[in-house]
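As the structure lists them, so they are numbered: ligands from 1, and atoms in each ligand from 1.
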Amino acid sequence: MRDYKIVVLGAGGVGKSSVTVQFVQGVYVESYDPTIEDSYRKQIEIDGRACDLEILDTAGIAQFTAMRELYIKSGKGFLLVYSVTDENSLKELLSLREQVLRIKDSDNVPMVLIGNKCDLENDRVLSIDDGIKVSEDWGMVPFYETSAMYKTNVDDAFIDVVRQIMRKEAATSAEKKQAKEAQKQKEANPPAKAEPSARVPDSKEGADHARSKQSSATKQAPSKSKCCTIV
Ligand SMILES: Nc1nc2c(ncn2[C@@H]2O[C@H](COP(=O)(O)OP(=O)(O)OP(=O)(O)O)[C@@H](O)[C@H]2O)c(=O)[nH]1
Ligand SMILES: [Mg+2]
């Protein structure tokens with residue numbers, strides 16, 4: 001069974017724990033208890049493959065974010081969560097994503113953007129289009145509006161990030177296989193040693209080159225006729 005390490009990131013109170021617990025345990029947590037760090041495991045079959053998910057639910061509030069760098073390093077896929085009722089929570093994600101890309105040293109990191117609390121229509125300050133705009137700015141990162149309360153799109157968001165990890169791993173192992181094949185071929189048929197005169201000279205240079213070649217050949221191993229010409 002393959003291991004998939006997923007990290008849930010976002011500002012305080014946006015619903016990271018509620019979304020995670022809803023996905024893992026199928027229950028909705030009404031109360032708010034700020035997280036320091038919680039880890040969950042869930043086994044699930046995706047596209048016929050058994051997957052062992054390790055989900056890290058992280059702290060949103062600043063006092064608890066010191067460990068962020070470490071868990072970003074170890075994560076394979078990321079859920080970036082904001083709340084549609086909190087404009088700042090979306091702004092905070094911009095720097096969080098930057099941090100993820102910087103630490104991973106890659107532009108290609110499995111990731112989904114989540115606008116949570118979409119059931120709170122009356123308190124909504126961010127539209128679907130606001131989320132779509134950010135997803136486009138990020139190079140079409142998959143975007144879901146979710147409700148942890150009603151379990152809307154929660155499973156889809158997690159499954160999406162696992163599929164992205166699978167695709168990335170498949171691409172990496174295909175690249176490795178190709179490189180290995182190329183190396184094998186190289187070892188089996190080593191390239192012929194290049195002649196020192198293999199470079200194609202331009203016409204003037206070619207003439208000079210030919211002349212100097214001739215004269216040095218003459219000096220080193222004069223043939224009869226050339227000997228006659230010099231004399
Ligand atoms: N109406 C509604 N409330 C939600 C939803 N998701 C979370 N909440 C509520 O929002 C509050 C905060 O949710 P949490 O899941 O604890 O938020 P968090 O992002 O984990 O917060 P930190 O751990 O402090 O970073 C709780 O009272 C939740 O019940 C949702 O989809 N809809
Ligand atoms: Mg939490």
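Between Val24 and Arg41, the shortest heavy-atom distance links the atoms CG1-O, 3.9 Å. Across Ile36 and Ala59, no two heavy atoms sit closer than the pair O-CB, 3.4 Å. Closest heavy-atom contact between Val125 and Glu87: CG2-N, 3.8 Å. Nearest heavy atom pair, residue Asp57 against residue Ser17, reads OD2-OG, 2.6 Å. The shortest non-hydrogen separation linking Gln22 to Met149 is NE2-O, 4.0 Å.
Our summary of the site lists the angle at the Mg ion (ligand 2) between OG of Ser17 and OG1 of Thr35 as 90°, to the nearest 10 degrees.
Not one N or O on the side chain of Lys117 forms a donor-acceptor pair closer than 3.5 Å with the backbone of Ser83. A donor-acceptor pair is defined here as one N or O able to donate and one able to accept, closer than 3.5 Å; such a pair exists between the side chain of Lys42 and the backbone of Phe23. Thr58 contributes a side-chain N or O that, together with a main-chain N or O of Val8, makes up a donor-acceptor pair within less than 3.5 Å. At distances below 3.5 Å, not a single donor-acceptor pair connects side-chain atoms of Ser135 with backbone N or O atoms of Gly131. For the pair Lys168 (side chain) and Val109 (backbone), a donor-acceptor distance under 3.5 Å is absent. One N or O on the side chain of Lys104 and one on the backbone of Gly75 form a donor-acceptor pair closer than 3.5 Å. A donor-acceptor contact shorter than 3.5 Å links the side chain of Asn116 to the backbone of Ala148.
The Mg ion (ligand 2) does not have Thr58 among its coordinating residues (no N/O/S atom, backbone or side chain, under 2.8 Å). Among the backbone and side-chain atoms of Thr20, no N/O/S atom is found under 2.8 Å from the Mg ion (ligand 2).
For ligand 1, the atoms closer than 4.0 angstrom to any heavy atom of Lys16 are 15 (O), 17 (O), 18 (P), 19 (O), 20 (O), 21 (O), 22 (P), 25 (O). Ligand 1 places these atoms under 4.0 Å from at least one heavy atom of Val29: 28 (C), 29 (O). Set against the non-hydrogen atoms of Ser147, the atoms of ligand 1 under 4.0 Å away are 31 (O). Distances below 4.0 Å separate heavy atoms of Ala148 from the following atoms of ligand 1: 6 (N), 30 (C), 31 (O). Residue contact check: Leu120 has heavy atoms under 4.0 Å from atoms 1 (N) of ligand 1. In the vicinity of Pro34, heavy-atom distances shorter than 4.0 Å reach the ligand 1 atoms 23 (O), 24 (O). Atoms of ligand 1 found under 4.0 Å from any heavy atom of Asp119, numbered from 1 in the order shown, are 1 (N), 2 (C), 30 (C), 31 (O), 32 (N). Using a 4.0 Å cut-off to heavy atoms of Ser18, the atoms of ligand 1 that qualify are 6 (N), 7 (C), 13 (O), 14 (P), 15 (O), 28 (C).
Counting protein heavy atoms only, atom 10 (O) of ligand 1 is closest to Lys117 NZ, 3.1 Å. Scanning the protein heavy atoms around atom 21 (O) of ligand 1, the nearest turns out to be Gly13 N, 2.9 Å.
The backbone of Glu30, and not its side chain, has at least one atom closer than 4.0 Å to an atom of ligand 1 (non-hydrogen atoms only; backbone = N, CA, C, O).
Below 3.5 Å of separation, one finds no N or O of Thr146 facing any N or O of ligand 1. Below 3.5 Å of separation, one finds an N or O of Asn116 facing an N or O of ligand 1. On a distance-only criterion, Gly10 and ligand 1 share no N/O pair closer than 3.5 Å. Inclusion of Ser17 in the set of residues having an N or O under 3.5 Å from an N or O of ligand 1 is warranted. Of the N or O atoms in Val14, one or more lie within a sub-3.5 Å distance of an N or O in ligand 1. At a 3.5 angstrom cut-off on N or O pairs, Asp33 does not count as close to ligand 1.
Among Gly60, Ser31, Gly15, the residue whose heavy atom lies nearest to atom 17 (O) of ligand 1 is Gly15. Looking at Tyr32, Tyr150, Tyr28 and measuring to atom 16 (O) of ligand 1, the nearest heavy atom belongs to Tyr32.
Checked by atom type, the side-chain pair Gln185/Glu181 shows no donor-acceptor distance below 3.5 Å.
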